[in-house]
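Reading through the structure tokens given below for one structure.
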Amino acid sequence: MSALSVELLAATTAPPITSAGDTQVGIAALVGIAVIITLITRWKVHAFLALTIGSLVLGAVAGAPLAKAVTSFTTGLGSTVAGVGVLIALGAVLGKLLADSGGADQIVDTILARTSERRMPWAMAGIAGLIGLPLFFEVGIVLLIPVVLLVARRGNYSLMRVGIPALAGLSVMHGLVPPHPGPLAAIDAIHADLGTTLALGVLVALPTLAIAGPLFGRVADRWVKVDPPENLTPARASDDLERRPSFAATVCTMLLPVALMLAKALVDVIVDDEGSLVYRIFDVVGTPLIALLAAVVLAMFTMGRAAGFTKERISSTVEKSLAPIAGILLIVGAGGGFKQTLIDAGVGNMILNWSDSWNISPLLLAWLIAVLIRVATGSATVATISAAGLVAPLAADMSTTHAALLVLAVGAGSLFFSHVNDAGFWLVKEYFGMDVPQTLKSWSTMETVISVVALGFVLLLSLVL
């Protein structure tokens with residue numbers, strides 16, 4: 001048995017904090033999730049507080065001593081922040097340097113200048129996917145909206161034909177590809193291999209983006225007709241800069257962490273000797289922390305210095321990038337606490353026991369759980385973290401590849417049907433100048449297409465890998 005299998009077996013067979021049976025534990029899990037959903041949707045409580053309260057309610061209903069429930073929550077919160085907190089922070093720094101230095105504008109302008117009218121939707125999808133690698137979804141939207149509106153207005157393009165591919169590119173990366181918070185948290189909860197998940201995530205993301213972006217954009221264009229709002233085009237970062245980074249340097253910097261992590265995964269497969277120099281080198285440089293840290297340090301020169309930033313300006317940019325992610329770190333950490341409370345209460349064992357009699361794929365089960373939480377809470381991150389905690393025990397007997405596919409199934413489910421309880425829904429609605437029915441026909445339907453198509457590719461890969 002591998003070290004990973006031993007670790008997972010220990011996690012799922014550890015003594016629970018309560019002696020309740022499967023039925024009571026199941027009821028406790030449902031009550032805890034219901035409390036979180038109600039607090040977020042009806043009472044508009046911040047997700048961090050909702051997850052904290054829901055965890056304690058879950059422990060209480062399961063019959064666990066309050067002190068043990070608190071210990072489970074804080075242990076899960078600490079381990080999750082320790083595992084992914086630094087990665088989220090580094091991703092935020094990299095994204096801020098990309099935006100403020102004009103590197104993102106350079107990528108956009110270069111690609112658009114060389115793109116024909118027929119290929120414009122595909123170019124928008126590619127731009128969004130590339131820029132979306134290190135950026136949080138909301139930041140990506142704010143960054144790309146000026147480009148989408150300018151392209152639509154100056155090129156006389158339909159807003160749906162260029163806007164849907166851009167939104168799809170951001171959303172697909174947000175749900176399926178690390179280093180975004182959701183996938184990172186799911187990888188941590190399920191104990192999946194990051195390099196394998198990244199490789200398979202990109203493999204699933206590319207065809208999913210093609211279908212949900214440029215191809216669905218044609219359908220959305222027939223359903224929704226809107227003109228680009230003239231008053232919602234903010235100034236671009238590079239408008240105030242005398243110079244900006246080159247296209248090649250920017251792209252290479254952005255792809256560096258992806259290349260290093262994929263290289264580590266490849267070396268793990270083809271190099272048998274774990275004591276060899278090559279294996280040891282890539283075992284270090286391919287870890288997420290080192291890969292992202294290397295990209296951040298490189299970006300300070302290829303982006304910051306190339307844009308004419310002083311050392312003080314670069315330091316200020318890094319500082320400003322960290323403040324906005326405090327809420328995200330707390331939500332992800334609280335999600336980890338909720339996950340640990342679920343496991344310690346015995347929910348993992350309960351799902352293992354029940355799933356033995358269900359004739360359903362674990363990947364499909366993971367997707368369905370994430371879909372239910374996503375539709376109820378409106379948060380892809382909450383859906384990813386909660387669902388990953390619930391289905392983590394199912395990965396105990398899985399191969400490295402199938403554990404990664406379980407992460408992707410959860411990520412796909414977390415994107416299903418964004419509607420009025422999702423902040424992203426309103427962000428897209430206002431920026432694109434649409435009403436609620438138009439947003440449902442375009443944005444919400446696009447999210448559903450991404451979720452279903454991604455699940456299809458995950459299930460297909462599970463048959464051949």
Side-chain angles (χ1 to χ4, degrees), residues 4 83-92 94-95 126 128-137 140 169-209 251-271 279 281-296 332 363 366 380-381 384-385 388 395 398-412 414-415 450 454-455 457-458 460-462 464-465:
L4 176 60
V84 303
V86 177
L87 305 184
I88 294 173
L90 290 173
L94 186 58
L130 180 60
I131 292 179
L133 276 173
L135 294 179
F136 299 121
F137 179 78
L170 292 174
S171 186
V172 167
M173 295 298 166
H174 173 71
L176 299 177
V177 181
H180 287 282
L184 281 176
I187 290 169
D188 182 68
I190 294 173
H191 298 276
D193 180 74
L194 191 143
T196 304
T197 308
L198 175 59
L200 293 178
V202 172
L203 191 61
V204 170
L206 291 178
T208 300
L209 174 55
V251 171
C252 289
T253 303
M254 301 309 301
L255 295 180
L256 177 63
V258 177
L260 290 176
M261 287 186 279
L262 288 178
K264 178 186 180 298
L266 183 61
V267 169
D268 288 345
V269 172
I270 63 177
V271 178
Y279 189 95
I281 290 175
F282 280 94
D283 197 43
V284 173
V285 300
T287 58
L289 174 62
I290 300 301
L292 279 169
L293 181 61
V296 168
V332 171
L363 300 177
T381 302
T384 300
I385 296 170
M398 288 183 174
S399 65
T400 301
T401 300
H402 279 249
L405 291 176
L406 189 66
V407 171
L408 298 180
V410 169
S414 74
L415 298 175
I450 291 174
L455 173 66
F457 283 114
V458 167
L460 181 62
L461 286 175
S462 72
V464 298
L465 295 178

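Model, not experiment: these values are computed from the prediction.
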**Request:** Side-chain contact test, heavy atoms from C-beta onward, threshold under 4.5 Å: evaluate it for L184 versus D188 and give yes or no.
**Result:** no

**Prompt:** Are side-chain heavy atoms of T384 and T381 found at a separation under 4.5 Å?
**Reply:** no

**Message:** Just to verify, what does T208 make a side chain to side chain donor-acceptor pair (under 3.5 Å) with, not counting sequence neighbours?
**Reply:** none

**Complete:** Hits for side chain to side chain contact (heavy atoms under 4.5 Å, CB included) against A366, two or more places apart or cross-chain, chain-then-number order -> V391, L406, A409, V410

**Request:** For H174 and G182, indicate whether the former's side chain and the latter's backbone hold a donor-acceptor pair under 3.5 Å.
**Result:** no

**Side-chain donor or acceptor of T287 paired with backbone N/O of V284 under 3.5 Å** = yes

**Message:** Between L408 and L455, is the side-chain contact (heavy atoms from CB on, under 4.5 Å) condition met? List the steps.
**Reply:** CA-CA 8 Å; L408 298 180; L455 173 66; over 6 Å; no

**Request:** Please round to the nearest 0.5 Å and tell me the distance separating atom OG of S171 and atom CE of M173.
**Result:** 10.5 Å

**Message:** For A395 versus I190, what's the shortest heavy-atom pair and its separation?
**Reply:** CB-CG2, 3.6 Å

**Prompt:** Got a second to check how far L255's CG is from L130's CG, nearest 0.5 Å?
**Reply:** 5.5 Å

**Partner residues of V86 under the side chain to side chain contact (heavy atoms under 4.5 Å, CB included) criterion, sequence neighbours left out** = L90, L289

**Message:** Testing the basics here: between A186 and V407, what is the closest heavy-atom pair and its distance to 0.1 Å?
**Reply:** CB-CG1, 3.8 Å

**Asked** Quick one: are V177 and P183 in side-chain contact, heavy atoms under 4.5 Å?
**Response** no

**Asked** Do you know the tightest heavy-atom contact between A128 and L170?
**Response** O-CD2, 3.8 Å

**Request:** Taking side chain to side chain donor-acceptor pair (under 3.5 Å) as the test, write out the residues that go with T253, two or more places apart.
**Result:** T302

**Asked** Step by step, would you call M398 with L405 a side-chain contact (heavy atoms from CB on, under 4.5 Å)?
**Response** CA-CA 10 Å; M398 288 183 174; L405 291 176; over 6 Å; no

**Prompt:** Are any non-hydrogen side-chain atoms of T401 and L461 less than 4.5 angstrom apart?
**Reply:** no

**Request:** Specify the closest pair of heavy atoms between A454 and L176, including all atoms of both residues, with the distance to one decimal.
**Result:** CB-CD1, 4.1 Å

**Asked** Considering residues at least two apart in sequence or located in another chain, which fulfil the side chain to side chain donor-acceptor pair (under 3.5 Å) criterion with T197?
**Response** none

Anything under 3.5 Å between a donor and an acceptor, one on a side chain of residues 257-267, the other on a protein residue two or more places apart or in another chain? List them.
{"unit_1": "K264", "atom_1": "NZ", "unit_2": "D268", "atom_2": "OD2", "d": "3.0"}

